[in-house]
> 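Pasting in a structure now, in structure tokens, and then I'll have a few things to ask.
For the numbers below, each heavy atom of this structure counts, side chains included, while hydrogens, waters and symmetry mates do not. Predicted model only: the values in this text are computed from it and were never measured. In this chain, numbering begins with 1 at the start of the sequence shown.
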Amino acid sequence: MLRADDQRWILQWTAGVWLVFGLAPNIVAGLGDPELWPYWSSALVCVLALSYGIALRFPASRTWFLGVLVVGVGVGAFLRGGNAALFIVSVPHFWIFAGGPRRAIELSGAAAVSAVAGAVLRTGEVLTGNVVVTVLGYLASVLLGLAVLRVVRRSEERAARLDAELRATREQLASAHRREGAVEERERLAREIHDTLAQGFASIVVLAEAARSGLGEHDDHTSARQLRSIELTARENLAEARALVGASPAAGVVSGSIAETLRRTLDRFREDTGITTHDELTDIDCDQQTRIGLLRATQESLANVRKHAAASTVGLVLSEHPHGIELEITDDGRGFTVADSRGFGLDGMRRRLSELGGDLTITSSPGDGTRVLALLPPTAARHAEEGAG
């Protein structure tokens, strides 16, 4: 199927050729005819031109126009004693307006017969140059029309195949996007579970073991404190689980001041582990996702200290600078070789901070402790301030 612009261009081109090489020569040639013949030539041109204009304006009348064209070609041949040029430049109209190749061949054949009949009636001769050119022109038009139609059909088939391939590719791409979205969602849930539930359950296990040991030693005060920590951790895990099931990872996780939230987290860590802690926490206004990112980075770092560092002191510093928000967690533990470190928690921290436009730097070496520095861009804090304003 040709585009609308292509169809319009073809109509304009055929109309121009028809006017210049078909209709106009009839008017010019008719000026030298005797008596009333010039008026008949002009009248023929006017009727054909008017019929063509009506056919363009009202597509339903195109069959009627082709009938007028068949008669008009015969009349033109009669007036001129043969008018092969008018027939040849009129042939494209049959292929454009007939609605199919068979009908185009039939109607253009009728026009050829009409042109030959008009010439023979006027001259009384059959084998004239105009007659021969008309017949040859008809045969050539049939061959050319069928060839062009074949090319057009092949182009349409090719376009249909390309369209089908494009649709299939789009469906595959959409399916890939859905799979990618599912993978990203699984990774997000895995990261949330690791950062919250898994760490909470690990703390419960450690506290429960310590409480059991304390009961054996009749240390009721310490055991009571540890049991209270177990209860609080279990309650927090339950809230986190409800948030995850409710598909709202941000719901109820961080509320109030971020500095107070981090301080409570550090205090709980000190109570559970007995490790000395110190903090310098600036109260920063930031959006919810940034608050969650800071909290998760703190929780993961403290969990790593609990499990691996064997540290005696942990420091937590939160500060705001022109270049962004900095969160620093340090410990004086055994340290490790950063290049050899592989773990879901560290990778999860990096990915979470990267999603917020931030960065994570870990500095450590065996025997020298560890420094974790999380840097977030200042835009998050600015957005929070603008929203408050």
> Looking at every heavy atom in both Val305 and Ala311, which two are closest together, and how far apart are they?
CG1-CB, 4.1 Å

> Is there a chain of hydrophobic side chains (I, L, V, M, F, W, Y, each step under 4.5 Å between heavy atoms) that links Val47 to Val71?
yes

> Is any side-chain heavy atom of Leu360 closer than 4.5 Å to one of Leu373?
no

> Could you tell me how the ring of Tyr138 sits relative to the ring of Phe87: parallel (under 30°), tilted (30 to 60°) or perpendicular (over 60°)?
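Answer is tilted, since the angle falls between 30° and 60°.
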
> Taking only residues at least two apart or on different chains, which pairs with a member in residues 98-107 satisfy salt bridge (Lys or Arg N to Asp or Glu O under 4.0 Å)?
Arg102-Glu106

> Could you walk me through whether Val338 and Thr363 pass side chain to side chain contact (heavy atoms under 4.5 Å, CB included), step by step?
CA-CA 7 Å; Val338 178; Thr363 305; over 6 Å; no

> Show your working on side chain to side chain contact (heavy atoms under 4.5 Å, CB included) between Leu316 and Leu327 and close with a plain yes or no.
CA-CA 7 Å; Leu316 182 63; Leu327 174 67; 3.6 Å; yes

> Count I, L, V, M, F, W, Y as connected when their side-chain heavy atoms are under 4.5 Å apart, and connections chain through other members. Are Val113 and Leu69 then in the same cluster?
no

> Working to the nearest 0.5 angstrom, can you tell me the gap between Arg296 CZ and Thr265 OG1?
9.5 Å

> With the 4.5 Å side-chain cut-off for hydrophobic clustering, are Val135 and Val120 part of the same group?
yes

> Taking all non-hydrogen atoms of both residues into account, name the closest pair between Gly76 and Leu86 and its distance.
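For Gly76 and Leu86, the tightest heavy-atom pair comes out as CA-CD2, 4.4 Å.
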
> If you take all heavy atoms of Ala84 and Asn130, which pair is closest and at what distance?
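Nearest pair, atom of Ala84 first, then Asn130: N-OD1, 3.1 Å.
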
> Does any N or O in the side chain of Ser155 come within less than 3.5 Å of the main-chain N or O of Val151, such that one atom is a donor and the other an acceptor?
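Flag set: sc Ser155 to bb Val151 pair under 3.5 Å.
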
> Mind checking whether Leu353 and Asp359 have side chains closer than 4.5 Å, heavy atoms only?
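Leu353 does not reach Asp359 side chain to side chain.
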
> Closer than 4.0 angstrom, basic N to acidic O: yes or no for Arg264 and Asp267?
no

> Taking the side chain as C-beta and beyond, is there a heavy-atom pair between Arg352 and Ile292 under 4.5 Å?
yes

> With a 4.5 Å cut-off on side-chain heavy atoms, are Pro366 and Thr337 touching?
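They are in contact (side-chain heavy atoms under 4.5 Å apart), so the answer is yes.
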
> In the structure I gave you, are the side-chain heavy atoms of Phe94 and Ile105 within less than 4.5 Å of one another anywhere?
no

> Using a strict threshold of under 4.0 Å (side-chain N to carboxylate O), is an ion pair present between Arg263 and Glu260?
yes

> Taking side chain to side chain contact (heavy atoms under 4.5 Å, CB included) as the test, write out the residues that go with Arg170, two or more places apart.
Leu166

> Could you go through the side chain to side chain donor-acceptor pair (under 3.5 Å) check for Thr273 and Arg306 one step at a time?
CA-CA 7 Å; Thr273 62; Arg306 181 200 299 263; over 6 Å; no

> Answer yes or no: does atom CG of Leu143 have more than 12 heavy-atom neighbours from other residues, nucleotides or ligands under 6.0 Å?
yes

> Tell me every residue that passes side chain to side chain contact (heavy atoms under 4.5 Å, CB included) with Leu162, counting only those two or more places apart in sequence or in another chain.
Arg158, Glu165

> Any chance you could measure Leu302, atom CG, to Thr298, atom OG1, to the nearest 0.5 Å?
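Taking CG in Leu302 and OG1 in Thr298, the distance rounds to 6.5 Å.
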
> Please list, chain by chain and in numerical order, all residues satisfying side-chain hydrogen bond (donor to acceptor under 3.5 Å, both in side chains) with Arg179, sequence neighbours excluded.
Ser175

> Looking only at heavy atoms, what is the nearest atom pair of Ala55 and Arg62, with distance?
O-NE, 3.3 Å

> Looking at Ile329 and Val314, what are the two nearest heavy atoms and their distance?
CG2-CG1, 4.3 Å

> List the steps, then state whether side chain to side chain contact (heavy atoms under 4.5 Å, CB included) holds for Leu262 with Asp279.
CA-CA 9 Å; Leu262 297 184; Asp279 62 83; over 6 Å; no

> Tell me whether Arg270 contacts the main-chain N or O of Thr276 through its side chain, where contact means a donor paired with an acceptor under 3.5 Å.
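Not confirmed, Arg270 side chain does not pair with Thr276 backbone.
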
> Which Ile, Leu, Val, Met, Phe, Trp or Tyr residues join Val132 in one cluster when any pair of side-chain heavy atoms under 4.5 Å counts as a link?
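Hydrophobic cluster check, Val132: joined to Leu136.
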
> Examine Leu139 and Leu149 and state if one hydrophobic cluster contains both, with Ile, Leu, Val, Met, Phe, Trp and Tyr joined whenever side-chain heavy atoms are less than 4.5 Å apart.
no

> On the 0 to 90° scale, with breaks at 30° and 60°, tag the Phe97-Tyr52 ring pair as parallel, tilted or perpendicular.
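Ring orientation, 0 to 90° scale: tilted.
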
> Is the backbone of Ala259 close enough, under 3.5 Å, to the side chain of Ser257 for a donor and an acceptor to pair up by distance?
yes

> When you check the side-chain N and O atoms of His321 and Ser319, is any donor under 3.5 Å from an acceptor?
yes

> Are Leu294 and Ile284 close enough, and set up right, to give a side chain to side chain contact (heavy atoms under 4.5 Å, CB included), and what steps lead you there?
CA-CA 11 Å; Leu294 293 171; Ile284 300 172; over 6 Å; no

> Shared ILVMFWY cluster between Leu356 and Ile362, side chains joined below 4.5 angstrom?
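In one cluster with Leu356: Ile362, yes.
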
> Is the shortest heavy-atom distance from the side chain of Ile258 to the side chain of Leu318 under 4.5 Å?
yes

> May I ask you to test the Leu48-Val68 pair for a side-chain heavy-atom distance under 4.5 Å?
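Yes, close enough: below the 4.5 Å cut-off.
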
> Please test Asn304 against Ser301 for side chain to side chain donor-acceptor pair (under 3.5 Å), starting from the C-alpha separation and ending with a verdict.
CA-CA 5 Å; Asn304 288 336; Ser301 299; 5.7 Å; no

> Does Thr313 reach the side chain of Thr277, with side-chain heavy atoms less than 4.5 Å apart?
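No - every pair of side-chain heavy atoms lies 4.5 Å or more apart.
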
> Applying side-chain hydrogen bond (donor to acceptor under 3.5 Å, both in side chains), which residue pairs with at least one partner in residues 366-377 are found, sequence neighbours left out?
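The answer is Glu328-Arg371, Ser364-Thr370, Ser365-Asp368.
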
> So how far is it from Glu156 CD to Arg161 CZ, rounded to the nearest 0.5 Å?
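The distance works out to 12.0 Å.
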
> For the residue pair Trp95 and Ser141, what are the closest heavy atoms and their distance?
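Taking Trp95 first and Ser141 second, the nearest heavy atoms are CZ2-O, 3.8 Å.
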
> Between Asp332 and Ser312, is there a donor-acceptor pair closer than 3.5 Å when you use the side chain of the first and the backbone of the second?
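It does hold such a pair.
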
